[in-house]
Amino acid sequence: MRKRPTIALMYDFDKTLCDQDMQNYTLIPDLGMTSGEFWGEVEEFRMKNYMEGILGYMYYTMIKCREKNIPFTKEYLLSTGKNIRFFKGVLNWFERINQFGESLGVNIEHYVISSGFKDTIEGSAIRDKFKNVFACQYYFDEKTGEAVWPKIAINYTQKIQYVFRISKGAYDETDNKKVNDKMRERVVPYNNMIYFGDGITDIPCMTFIKKQGGISIAVYPKGQKNKVTGLLLDDRVNYICPADYQEGSELDSLIKCIIQEMKISHTLMLKQRQQRHRESKQSGN
């Protein structure tokens with residue numbers, strides 16, 4: 001058991017860190033559409049063609065950009081992250097929480113697990129705050145640079161795979177062996193995990209982490225508590241909080257208390273293990 005614990009903070013992205021779907025800031029306006037029109041057409045397209053939801057929106061987005069003569073390249077997707085607006089306090093949240101963890105002797109790691117576009121997140125103002133970003137990706141043609149195929153699609157239940165990967169340190173998404181190998185000691189135990197989400201798309205991860213002894217938190221925009229109350233009443237999450245990441249906010253105070261509790265729990269477990277080891281050695285003599 002490691003003397004210095006590692007705590008993983010895992011975030012959905014859309015409506016959890018930023019205030020709406022990432023496509024709404026640049027991509028959808030570039031298509032000359034409203035958000036309602038775009039997502040309505042995505043739903044109609046995927047239902048007509050019996051397509052899984054994430055694959056449906058990835059394919060539709062690619063085709064729609066071609067129709068509008070928008071070069072659907074990695075560079076374009078990166079540029080769509082520049083205008084993303086984040087909830088209050090997000091921009092300096094990561095440094096503050098890292099510093100708090102350091103003051104307690106705790107390693108803090110931040111991750112994104114999203115069904116949005118990885119390249120859009122990579123182009124945002126907070127990309128360098130995460131140890132890893134797990135999100136949907138395209139394969140781009142080597143000659144034209146245009147997207148031609150979804151190479152990684154992460155739907156809502158598949159997000160749990162990335163909880164396993166983070167726990168085991170198996171970050172290579174093409175490696176299916178390490179993520180399934182039995183490990184004597186995990187890099188991040190489930191009870192040292194905190195998951196942030198905003199709604200129904202996060203339920204599989206929220207429920208799993210809560211059942212495994214970690215903490216799940218549903219965040220909501222100010223005045224929209226009703227959007228997540230059901231998650232708490234249905235025992236899907238441990239807490240619900242306004243999506244205010246500023247210092248001194250309810251969420252800020254809650255996370256610091258949780259980190260302190262996880263640190264104390266780790267210290268007690270370490271002492272118990274050391275005591276058992278000493279007793280075992282004495283009985284052996």
Side-chain angles (χ1 to χ4, degrees), residues 10-68 70 72 74 76-77 80-81 84 111-122 124 133-140 146-165 173-174 176 179 195-209 216 218-221 224 227-228 230-231 234 236-237:
M10 300 171 290
Y11 310 83
D12 176 41
F13 196 82
D14 296 349
K15 301 176 184 176
T16 296
L17 295 172
C18 57
D19 61 8
Q20 54 186 301
D21 292 328
M22 64 179 68
Q23 296 84 358
N24 292 355
Y25 299 99
T26 299
L27 194 152
I28 293 176
D30 283 354
L31 293 173
M33 304 174 74
T34 66
S35 176
E37 290 169 341
F38 176 81
W39 293 111
E41 288 191 16
V42 167
E43 184 67 8
E44 182 181 351
F45 172 80
R46 78 171 192 88
M47 293 300 291
K48 178 182 177 181
N49 294 284
Y50 197 70
M51 298 180 73
E52 187 274 332
I54 302 302
L55 289 172
Y57 101 76
M58 291 184 75
Y59 182 82
Y60 177 85
T61 302
M62 183 174 67
I63 297 304
K64 199 69 178 178
C65 282
R66 288 179 187 169
E67 289 179 3
K68 297 291 186 178
I70 297 172
F72 198 56
K74 184 179 184 71
Y76 173 71
L77 281 174
T80 64
I84 291 177
Y111 298 86
V112 169
I113 306 176
S114 171
S115 294
F117 296 137
K118 181 173 182 176
D119 289 314
T120 298
I121 298 170
E122 296 273 6
S124 75
V133 172
F134 301 109
C136 298
Q137 300 178 56
Y138 288 95
Y139 168 71
F140 299 98
E146 295 268 356
V148 294
W149 194 262
K151 69 175 183 180
I152 293 181
I154 304 176
N155 67 24
Y156 315 135
T157 53
Q158 288 169 335
K159 284 184 174 184
I160 293 179
Q161 171 193 162
Y162 295 92
V163 175
F164 300 155
R165 290 190 176 279
E173 294 165 271
T174 66
N176 295 320
V179 72
Y195 185 88
F196 299 73
D198 68 279
I200 191 169
T201 62
D202 300 299
I203 285 176
C205 279
M206 288 174 164
T207 303
F208 175 80
I209 289 173
S216 294
V219 300
Y220 59 90
Q224 299 182 35
K227 288 188 174 183
V228 297
L231 296 174
D234 292 340
R236 307 290 185 95
V237 297

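FYI, the numbering just counts along the sequence from 1.
- Using a 4.5 Å heavy-atom threshold, the side chains of Leu231 and Ile203 count as touching.
- Under 3.5 Å, the side chains of Tyr76 and Asp30 contain a donor-acceptor pair of N or O atoms.
- Nearest heavy-atom pair, Phe13 versus Ser124, reported as atom, atom and distance to 0.1 Å: CZ-OG, 4.2 Å.
- Here the straight-line distance linking atom CD of Glu44 with atom CG of Asn49 works out to 10.0 Å at 0.5 Å rounding.
- Asp198 and Lys227 are not joined by a salt bridge, as no carboxylate oxygen comes within less than 4.0 angstrom of a charged side-chain nitrogen.
- You'll find the side chain of Cys136 stays beyond 4.5 Å of the side chain of Ile152, heavy atoms only.
- Looking at Tyr60 and Arg46, their side chains never come closer than 4.5 Å, going by heavy atoms from C-beta outward.
- For the side-chain contact (heavy atoms from CB on, under 4.5 Å) with Ser114, the lone residue among Leu17, Ile121, Ile154 that qualifies is Ile121.
- For the residue pair Thr201 and Lys159, the shortest heavy atom distance occurs at O-NZ, 4.1 Å.
- In Ile200, the CD1 atom is not crowded: 12 or fewer heavy atoms of neighbouring residues, nucleotides or ligands sit closer than 6.0 Å.
- In this structure, Asp21 contributes its side chain and Asn24 its backbone to no donor-acceptor pair below 3.5 Å.
- Annotation: the span from Glu41 atom CD to Lys48 atom NZ amounts to 11.5 Å, rounded to 0.5 Å.
- Annotation: Tyr57 is in aromatic contact with Phe117 [ring centroid separation under 6.0 Å].
- Under a 3.5 Å cut-off, the side chain of Thr120 and the backbone N or O of Gly81 do not form any donor-acceptor pair.
- A donor-acceptor distance shorter than 3.5 angstrom exists from the side chain of Tyr25 to the backbone of Gln20, with no hydrogens or angles considered.
- Between Leu77 and Lys74, every side-chain heavy-atom pair lies at or beyond the 4.5 Å cut-off.
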ring-ring contact (aromatic ring centres under 6.0 Å, His included) between Phe72 and Tyr138, intermediate numbers included: CA-CA 10 Å; Phe72 198 56; Tyr138 288 95; 5.1 Å; yes
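- Few gaps surround CZ on Phe208; more than 12 heavy atoms of other groups in view lie less than 6.0 Å from it.
- At least one side-chain heavy atom of Val148 sits less than 4.5 Å from a side-chain heavy atom of Tyr139.
- If you check the side chains of Asp202 and Tyr11, you find no donor sitting under 3.5 Å from an acceptor.
- Taking both residues in full, the closest heavy atoms of Ile54 and Ala153 are given as CG2-CB, 4.1 Å, listed atom of the first, atom of the second, then distance.
- Side-chain contact check for Val237 versus Tyr195: every heavy-atom pair is 4.5 Å or farther apart.
- For CZ of Phe45, the number of neighbouring non-hydrogen atoms (other residues, nucleotides, ligands) closer than 6.0 Å is greater than 12.
- Around CD of Glu43, the count of heavy atoms belonging to other residues, nucleotides or ligands within 6.0 Å exceeds 12.
- Contact detail for Asp14 and Asp12: the closest heavy-atom pair is O-OD2, 3.1 Å.
- Listed here is the closest heavy atom pair of Gln23 and Trp39: OE1-CZ2, 3.5 Å.
- One finds the NZ atom of Lys64 at 9.0 Å from the CZ atom of Phe38 (value rounded to the nearest 0.5 Å).
- Residues Cys18 and Ile84 share a closest heavy-atom pair of CB-CG2, 3.5 Å.
- To the nearest 0.5 Å, atom CD of residue Gln158 and atom CD1 of residue Ile113 are 12.5 Å apart.
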CA sep, side-chain torsions, deciding dist, call: Met10, Tyr162, side-chain contact (heavy atoms from CB on, under 4.5 Å): CA-CA 10 Å; Met10 300 171 290; Tyr162 295 92; over 6 Å; no
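- For the pair Gln137 and Asp119, the minimum side-chain heavy-atom distance is 4.5 Å or more.
- Within the 4.5 Å cutoff, side-chain heavy atoms of Pro150 are placed close to those of Leu55.
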